[in-house]
Undergrad: 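One structure follows; several queries about it will come next.
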2 protein chains.
Amino acid sequence: MICINAAGVRIVDTFAMLSCIDTFDKFALRVLPASLPEDMRCAVRALSRKTVLAAGKQLECGQKNATLVYVCGGATKLVAHASEHREQVVAFHFAGDLLTLPACGPHSYSLEALVESELLTLEYEPFLEITGERADILGQLLERTTISLQRSREKTLALGRKSAIERVCSFLLMMAERIGKPGCGGVELDLPMSRRDIADSLGLTIETISRQFTHLREQGLITTRGRSAVLLLRMDELEKRSGHLSAAA
Amino acid sequence: MICINAAGVRIVDTFAMLSCIDTFDKFALRVLPASLPEDMRCAVRALSRKTVLAAGKQLECGQKNATLVYVCGGATKLVAHASEHREQVVAFHFAGDLLTLPACGPHSYSLEALVESELLTLEYEPFLEITGERADILGQLLERTTISLQRSREKTLALGRKSAIERVCSFLLMMAERIGKPGCGGVELDLPMSRRDIADSLGLTIETISRQFTHLREQGLITTRGRSAVLLLRMDELEKRSGHLSAAA
DNA sequence: CGACCAATTGAGATGGATCAAGAGCAGTGG
DNA sequence: CCACTGCTCTTGATCCATCTCAATTGGTCG
């Protein structure tokens with residue numbers, strides 16, 4: 001934060017400083033209770049590390065311990081590695097999400113940025129050391145972990161028992177819910193992930209994803225613009241094709 | 001607990017009574033801290049309901065709210081229903097496991113007993129009302145939820161990117177870890193679930209499961225006796241075929 | 001022993017993968 | 001502004017792992 005400019009004058013990079021404080025505060029605002037004593041807050045702050053990841057870069061972290069990651073901004077994918085050229089996107093995480101990056105078990109995991117992303121990382125164990133007595137914080141973690149578990153269960157169902165078209169429709173509806181904006185004549189999506197990421201998330205190939213998008217386009221359920229913009233025109237029809245129960249009724 | 005016998009004499013069914021107390025105590029011993037104040041323990045006890053499910057029966061519960069289930073004994077499967085004849089086993093849970101049976105979202109869920117099982121159920125929300133201030137209890141829930149999430153992520157990888165043989169080997173290794181016993185010349189498994197359950201868990205069909213078992217038998221990696229007994233003879237070879245990273249190294 | 005359901009085995013069908021072009025989009029540099 | 005480059009995405013043709021359907025065998029329990 002302190003550096004020497006061309007003229008040899010020591011300057012304080014207030015922008016970097018502010019941005020660092022900013023990152024922690026975003027996290028604190030969302031995850032830490034207002035009533036947290038100042039010393040505990042400081043301890044957590046000391047433990048936390050800000051990382052800005054360029055698109056395509058992955059979080060460096062010792063795979064011996066689990067890491068808590070708060071996504072301050074951007075979009076990320078949590079990837080499980082089966083082998084060299086087989087990857088499974090376990091979950092997408094967007095601004096405001098808190099996730100646990102697991103230690104290396106039978107497979108290794110990594111968190112990769114889809115677009116430039118601002119992350120706050122904390123080692124899981126030491127964090128719990130500090131905050132393990134605070135029911136409000138544990139409640140917060142529990143709630144977010146339960147949501148992740150629920151999403152993971154839904155994904156399990158999709159990968160285990162759904163056809164390609166059902167997976168794609170479920171995916172679009174889920175994304176609409178999480179990062180969609182009401183647009184002209186439907187829900188507008190700006191997908192931060194590539195076709196490959198979608199394929200790796202749904203257990204399919206890029207070619208299949210592309211073909212299913214084409215089908216949906218031909219049937220007038222969606223339109224696409226460029227690589228990332230998707231407009232969902234007929235949510236009801238997408239719902240029907242997603243294999244959700246509501247649609248069967 | 002009080003009933004009339006053949007002779008018309010009123011008797012107290014002390015066995016049922018004891019067994020009921022027993023069920024709660026098993027749960028309390030594992031999940032509730034010893035230091036929990038007596039009034040809180042009583043409130044939790046009042047909220048808890050014991051259920052004994054015969055094999056094949058499923059837990060009845062209002063699908064409007066999430067339910068916390070502690071498996072005191074037996075073996076169960078958590079099933080997500082895609083449609084009438086498409087089911088996905090999201091997880092198996094054995095004695096000592098604590099799980100959250102989710103409220104009905106895009107798909108409905110149910111917990112079904114594989115063998116006669118003894119369960120303790122608690123409505124999730126009221127339970128948190130009572131114990132939400134107790135960091136030790138929340139920590140316990142968080143830890144168990146995190147384990148479930150991690151298992152679910154591993155399953156996601158298996159369903160998304162692994163072949164039939166890899167899924168079956170991973171499954172056998174996971175079961176060995178959870179309910180295996182050291183036996184003559186290998187790890188002995190007494191699988192409480194049918195081939196159909198395994199198929200529904202791995203996103204395959206019974207026929208495929210059967211064929212993979214046959215291959216493993218032919219290659220001398222396992223032997224089977226009857227419908228449920230499996231003896232894992234070559235853990236190293238199973239590991240190799242499971243697509244785990246350790247095996248690649 | 002016999003009935004019934006679970007598991008196995010075989011033969012054929014198929015959804016999605018794989019392989020192979022081609023088209024569309026950014027970024028770069030003239 | 002346009003050509004060039006290296007992508008990602010799309011589309012088509014073929015292949016294959018797994019599903020489906022069907023018949024048989026085997027385990028379990030009355």
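Chain letters run A, B, ... following the sequence lines, proteins first and then strands; every chain starts at 1.
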Undergrad: Which residues satisfy the side-chain hydrogen bond (donor to acceptor under 3.5 Å, both in side chains) test with A/S83, sequence neighbours excluded?
TA: A/R86

Undergrad: Expressed as a whole number of angstroms, how long is the span from A/D200:CG to D/dC9:P?
TA: 12 Å

Undergrad: Please state how far atom CD1 in A/I206 lies from atom C1' in D/dC7, giving the value in whole angstrom units.
TA: 12 Å

Undergrad: Tell me the interatomic distance from A/Q212, atom CD, to D/dG12, atom P, rounded to whole angstroms.
TA: 14 Å

Undergrad: Kindly write out the residues that satisfy side chain to side chain contact (heavy atoms under 4.5 Å, CB included) with B/S228, not counting sequence neighbours, or none if the list is empty.
TA: B/D190

Undergrad: With sequence neighbours excluded, what pairs up with B/R161 under the salt bridge (Lys or Arg N to Asp or Glu O under 4.0 Å) test?
TA: A/D200

Undergrad: Mind running side-chain contact (heavy atoms from CB on, under 4.5 Å) on B/Q58 and B/L53 for me, showing each step along the way?
TA: CA-CA 7 Å; B/Q58 69 185 51; B/L53 284 183; 5.6 Å; no

Undergrad: With side-chain hydrogen bond (donor to acceptor under 3.5 Å, both in side chains) as the rule and sequence neighbours excluded, what pairs involving residues 169-180 of chain A come up?
TA: A/D97-A/R178, A/K162-A/S170

Undergrad: Output the residues of residues 153-175 of chain B in contact with DNA chain D, where contact means a heavy atom of the residue under 4.0 Å from an atom of the strand; sort by number or write none.
TA: B/S163, B/A164

Undergrad: Can you find a heavy atom in the side chain of A/T76 that is under 4.5 Å from one in the side chain of A/E112?
TA: no

Undergrad: Could you pull out all residues at least two apart from B/T208 that satisfy side chain to side chain contact (heavy atoms under 4.5 Å, CB included)?
TA: B/A164, B/L204, B/T205, B/Q212

Undergrad: Which residues pass the ring-ring contact (aromatic ring centres under 6.0 Å, His included) test with B/Y109, not counting sequence neighbours?
TA: none

Undergrad: Could you state the CG-P distance from A/L204 to D/dC9, rounded to the nearest angstrom?
TA: 15 Å

Undergrad: Not counting sequence neighbours, which residues clear side chain to side chain contact (heavy atoms under 4.5 Å, CB included) with B/V79? List them please.
TA: B/K77, B/H81, B/E87, B/V89, B/S110

Undergrad: Which is true for A/S210 with a 4.0 Å heavy-atom rule: it touches a base, it touches only sugar-phosphate, or it touches nothing?
TA: base

Undergrad: The criterion is ring-ring contact (aromatic ring centres under 6.0 Å, His included); which residues satisfy it with A/H107, sequence neighbours excluded?
TA: B/H244

Undergrad: Does a donor on one side chain sit under 3.5 Å from an acceptor on the other, for A/R153 and B/S152?
TA: no

Undergrad: Can you confirm whether the side chains of A/E118 and A/T23 place a donor and an acceptor under 3.5 Å from each other?
TA: yes

Undergrad: Hey, where on DNA chain C does chain B first and last touch, going 5' to 3'? Cut-off is any atom under 4.0 Å from a heavy atom.
TA: C/dC5 to C/dA11

Undergrad: Tell me, do B/L119 and B/K50 make a side-chain contact under 4.5 Å, heavy atoms counted?
TA: no

Undergrad: Output one letter per nucleotide in nucleotides 20-30 of chain D: B when a protein non-hydrogen atom lies under 4.0 Å from the base, S when only the sugar-phosphate is that close, - when neither is.
TA: BB----BBS--

Undergrad: What's the angle between the local helix axes at either end of the helix from C/dC1-D/dG30 to C/dG30-D/dC1, using five pairs per end and rounding to 10 degrees?
TA: 40°

